Amino acid sequence: MLRDHNEIIRNRYAKADAMRAEGLNPYVNAWQPTHASSDIRANAEALIADKTPVRVAGRIMTVRHMGKASFFHLQDGAGRIQIYIKRDVTRAADYEVFKKFADMGDIAGVCGEVFVTKTGELTVLAQTFEILTKSVRPLPEKWHGLTDVETRFRQRYVDLIVNPAVREKFVIRSRMISAIRTMLESRGYLEVETPMMHPICGGAAARPFVTHHNALDIDLYLRIAPELYLKRLTVGGMEKTFEINRNFRNEGLSARHNPEFTMLELYTAYWDYRSTMELTEDLVRHTTREVLGRTELTFGPRRIDVGPPFERLTYLEALARYYPAAAAVGFSWSDPLEVTRSKAASLGYKTETATTHGIISELFEHHVEPQLTGPVFITEFPKASSPLAKSKPDDPFVAERFELYMGGMEIANGYSELNDPREQYERFLEQMAARSSGDDEAHQMDEDYVRALECGMAPASGLGVGIDRLAMLLTDSHSIREVILFPLMKPE
RNA sequence: GGGCGCGUAGCUCAGAGGUAGAGCAGCGGACUUUUAAUCCGUUGGUCCUGGGUUCGACUCCCAGCGCGCUCACCA
């Protein structure tokens, strides 16, 4: 791989060797800039007026040779600044270095005065020029850049060099997480870190990755969710906690799924899901305003405004509104399986799914979810699919649970936490029964978690937010891979 | 896993059963305010891999690999 050198690469390695032969280091140890390109732009008038020399460093991106003078742009972390290098101004030895050794893609340092060219571009007139790092591999061309999706992800470093919009997306992602963290801290939440390696896999319904600890000779699961550990902290008296970190699910890849993805989970003692819904709304609105400076989002053809109060619909209301045929049939969580199946069949929908809630979920995901531009809270999920959630006092089939939908995607999920140890134990038993009848995503029994609940967990409510999906919304990205720096790829 | 599509120079892309093409990049030359700089000249290829058909395959066929879209899965 590293030896597949073509003529261009061989020539550039030869230039690096030639530099060494002249006593120049093609990979210098350090070089201190005084200004970023953005600093020069921000202070342009003063810098031009007092002729203060500036030191800037960056990657040579476009070169225009004109005999005994050249223009090029240096690209640094903040943007680009044009450099003018000319024989009768630049130190003679440095001018020679530029002529003999500099290539597009090299990282260079320049010191000089700031001026404006006659075409009006802010420019540094180089008094000195140094190559700080020799680049030997040619960059993609300047017009079309790099568009090949596979190369963009496999060689994200090249993508970041030549596609400024890509960098911008990851800046937005970082600011988004920072805004979330700041807001939660200001509201008294404590950021914690819980294990990524779990002896018992729980907190969600998903297939796990399995690994092995040699010294203990035990299998461990990469976590599919931090939920059960965070609620142990609630038992321990940590009343407001959150964790922003990776979850791992051993499932297929899609535009909305990467096997490792980032989740915000938070827990608040003494709250129920209604309060958590309000917090979720604040969180999304505040973060959007903080990062984008507005509340309106463009997501493909959709316009999403997180400014006004979020709409709220129960699960079955949403099904009825967005799939009117289902309303006519009238689904109910309390229907026996055969009844639900025949109702679905009357809609022309045949399924092998073995539960009432499973069939209704399929209809919801297929017919309703894509239409939920939102922001909209869907509430009152079936208890049978929410084994860690508290049920509604007045409806034994429904859990106090909500999900937030935006852009046709599930963004967040929250509920009132089940804290009755006996009921939790029984729900684990039901999950184990489902597991032994073939549902390999059902929860495992977690005896210690039940023991923790036996100590008494204050009433509490929790929230999970898909950070990658939120980043997709804030950056108008339609694949999760656009907001994950190094998405999973098959090895080359 | 199924279906559809793609894989040609460093990059972006044409092409076609009979010598492999362009632009940009690169290399050589002219040019001291250019910015897709311009002008002259020029190098560069495992046409994804392996089989097959054929006098001849980059092209057609089969298989594989990688990628994309999509369906399934992901409540």
Side-chain angles (χ1 to χ4, degrees), chain A residues 4-12 14-15 61-73 80-90 95 103-105 115-123 125 135-155 158-159 161-163 204-207 224 249-259 261 315 351-366 369 381-387 399 401 403 409-410 413 431 434 439-443 466 478-481 487 489-492:
Chain A
D4 66 345
H5 295 161
N6 62 23
E7 187 186 356
I8 297 173
I9 294 177
R10 286 195 305 271
N11 284 344
R12 291 206 188 173
K15 281 190 185 180
M61 291 306 288
T62 53
V63 187
R64 296 171 290 283
H65 294 291
M66 303 176 47
K68 298 177 181 63
S70 298
F71 288 93
F72 59 89
H73 282 97
R80 289 187 179 190
I81 185 77
Q82 181 169 260
I83 309 296
Y84 186 32
I85 184 166
K86 57 193 295 197
R87 191 171 195 172
D88 52 12
V89 171
T90 308
Y95 188 79
D103 286 304
M104 193 169 322
F115 76 107
V116 176
T117 64
K118 70 181 181 188
T119 52
E121 179 160 353
L122 192 65
T123 302
L125 178 57
S135 168
V136 297
R137 191 169 281 269
L139 292 173
E141 62 127 318
K142 59 193 172 189
W143 297 358
H144 307 91
L146 177 66
T147 61
D148 181 75
V149 175
E150 182 177 356
T151 309
R152 286 189 47 229
F153 296 157
R154 286 195 194 281
Q155 300 181 39
V158 178
D159 194 26
I161 290 168
V162 301
N163 293 322
R207 291 187 190 86
I224 58 175
R249 298 188 183 176
N250 204 340
E251 285 157 1
L253 294 81
S254 81
R256 290 175 171 73
H257 299 86
N258 194 63
F261 63 100
Y315 200 100
T351 177
E352 299 300 308
T353 303
T355 57
T356 287
H357 71 267
I359 292 170
I360 298 175
S361 311
E362 282 173 21
L363 293 169
F364 185 91
E365 281 163 33
H366 198 253
E369 189 170 325
F381 279 66
K383 177 179 151 185
S385 69
S386 314
R401 174 177 174 186
E403 288 184 354
M409 295 187 291
E410 180 195 339
N413 172 26
Q431 289 288 309
D439 181 359
D440 54 5
E441 292 179 355
H443 279 64
H478 297 87
S479 166
I480 197 169
R481 304 178 129 203
M489 308 281 286
K490 284 195 190 178
E492 284 180 85

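Quick caveat, the model's predicted, so the values are computed rather than measured.
- With hydrogens and angles ignored, no donor-acceptor pair under 3.5 angstrom links the side chain of His144(A) to the base of rC11(B).
- Within the 4.0 angstrom heavy-atom criterion, base atoms lie near Asp88(A).
- Protein atom CD1 of Ile161(A) is 13 Å distant from nucleotide atom C1' of rC11(B), rounded to whole Å.
- For Leu146(A), the listed nucleotide lying nearest its side chain is rU12(B); candidates were rU12(B), rG10(B), rG44(B).
- Distances shorter than 4.0 Å separate none of the side-chain N or O atoms of Arg207(A) from OP1 or OP2 on rC73(B).
- When rounded to the nearest whole Å, the span between CD1 of Ile224(A) and P of rA75(B) equals 9 Å.
- Closest to the side chain of Ala69(A), from the set rA75(B), rU34(B), rU32(B), is rU32(B).
- With rC31(B), rA75(B), rU33(B) as the candidates, the nucleotide lying closest to the side chain of Arg401(A) is rA75(B).
- Rounded to whole angstrom, the span from the CZ atom of Arg481(A) across to the C1' atom of rG68(B) amounts to 10 Å.
- Asn163(A) CG to Leu146(A) CG: the interatomic distance, rounded to the nearest 0.5 Å, is 6.0 Å.
- The base-pairing partner of rC27(B), taking Watson-Crick or G-U wobble contacts with both distances under 3.5 Å, is rG41(B).
- Taking atom P on both rC11(B) and rC47(B), the two are 15 Å apart, rounded to the nearest angstrom.
- Residue Lys15(A) is classed as a sugar-phosphate contact, given heavy-atom separations below 4.0 Å to backbone atoms only.
- Per the geometry, NZ belonging to Lys142(A) stands 16 Å off P belonging to rU34(B), to the nearest Å.
- Counting atom types as modelled, Thr147(A) pairs no side-chain N or O with a base atom of rU12(B) as donor and acceptor under 3.5 Å.
- Among the protein residues, Phe261(A) comes within range of no part of the nucleic acid, since none of its heavy atoms lies under 4.0 Å from any strand.
- Considering only the side chain of Glu251(A), rC74(B) comes nearest among rC24(B), rA25(B), rC74(B).
- As rounded to the nearest Å, rA22(B) and rG41(B) have P atoms that lie 13 Å from one another.
- Rounded to the nearest 0.5 angstrom, Phe115(A) CZ and Leu122(A) CG are separated by 9.0 Å.
- Spacing of P atoms, rA20(B) relative to rA57(B), comes out at 12 Å, to the nearest Å.
- No contact: Arg152(A) has no heavy atom under 4.0 Å from any strand.
- At the phosphate of rA37(B), OP1 or OP2 sits under 4.0 Å from a side-chain N or O atom of Arg64(A).
- When distances are taken from the side chain of Phe71(A) to each of rC67(B), rU34(B), rU12(B), the shortest belongs to rU34(B).
- For the atom pair Ile83(A) CD1 and His73(A) NE2, the distance stands at 8.5 Å (nearest 0.5 Å).
- rC13(B) is paired with rG21(B) under the Watson-Crick or G-U wobble criterion, all donor-acceptor distances under 3.5 Å.
- Annotation: rC24(B) and rA37(B) have their C1' atoms spaced 14 Å apart (nearest Å).
- Nucleotides rU53(B) and rC62(B) have their C1' atoms positioned 10 Å apart, rounded to a whole Å.
- Ring geometry for Tyr315(A) against Phe381(A) counts as perpendicular: the plane angle is over 60°, on a 0 to 90° scale with 30° as the lower cut.
- The distance from atom NZ of Lys118(A) to atom C1' of rU32(B) is 10 Å, rounded to the nearest whole Å.
- Map Asp103(A) and Phe72(A) each onto its nearest nucleotide of RNA chain B; the residue landing nearer the 5' end is Asp103(A).
- In this structure, CD1 in Ile360(A) is found 9.0 Å from OG1 in Thr355(A), a value given to the nearest 0.5 Å.
- Figure legend. rC6(B) is base-paired to rG66(B); pairs are counted as Watson-Crick or G-U wobble with both atom distances under 3.5 Å.
- Which of rU12(B), rA75(B), rU34(B) sits closest to the side chain of Thr123(A) comes down to rU34(B).
- The backbone N or O of Ser135(A) lies less than 3.5 Å from a partner atom in the side chain of Arg12(A), making a donor-acceptor pair.
- For the pair Ile83(A) CD1 and rU33(B) C1', the computed distance is 14 Å after rounding to whole Å.
- At a cut-off of 3.5 Å, with distance as the only test, no side-chain donor of Arg481(A) or Asn258(A) sits close to an acceptor on the other residue.
- Here Glu362(A) lies out of heavy-atom contact (under 4.0 Å) with every strand.
- The OH-P distance, from Tyr84(A) to rU32(B), rounds to 9 Å in whole Å.
- Remark: rG1(B) base-pairs with rC71(B); criterion is Watson-Crick or G-U wobble with both hydrogen-bond distances under 3.5 Å.
- Distances from the side chain of Ile8(A) to the nucleotides rC74(B), rC31(B), rG10(B) place rG10(B) closest.
- A residue-by-residue look at Glu121(A) and Ser361(A) shows that Glu121(A) has its nearest nucleotide of RNA chain B further toward the 5' end.
- To the nearest whole angstrom, the two P atoms, one in rG56(B) and one in rG2(B), are 34 Å apart.
- Nucleotides rG10(B) and rU46(B), compared at atom P, are 7 Å apart to the nearest Å.
- Heavy atoms of Glu150(A) sit under 4.0 angstrom from primed sugar atoms or phosphate atoms, though from no base atom.
- In terms of modelled atom types and a separation under 3.5 Å, the side chain of Arg249(A) and the main chain of Phe261(A) share no donor-acceptor contact.
- Rounded to whole Å, the distance from CZ on Arg87(A) to P on rU33(B) is 15 Å.
- Distance check on atom P: rG15(B) versus rC60(B) gives 12 Å, rounded to whole Å.
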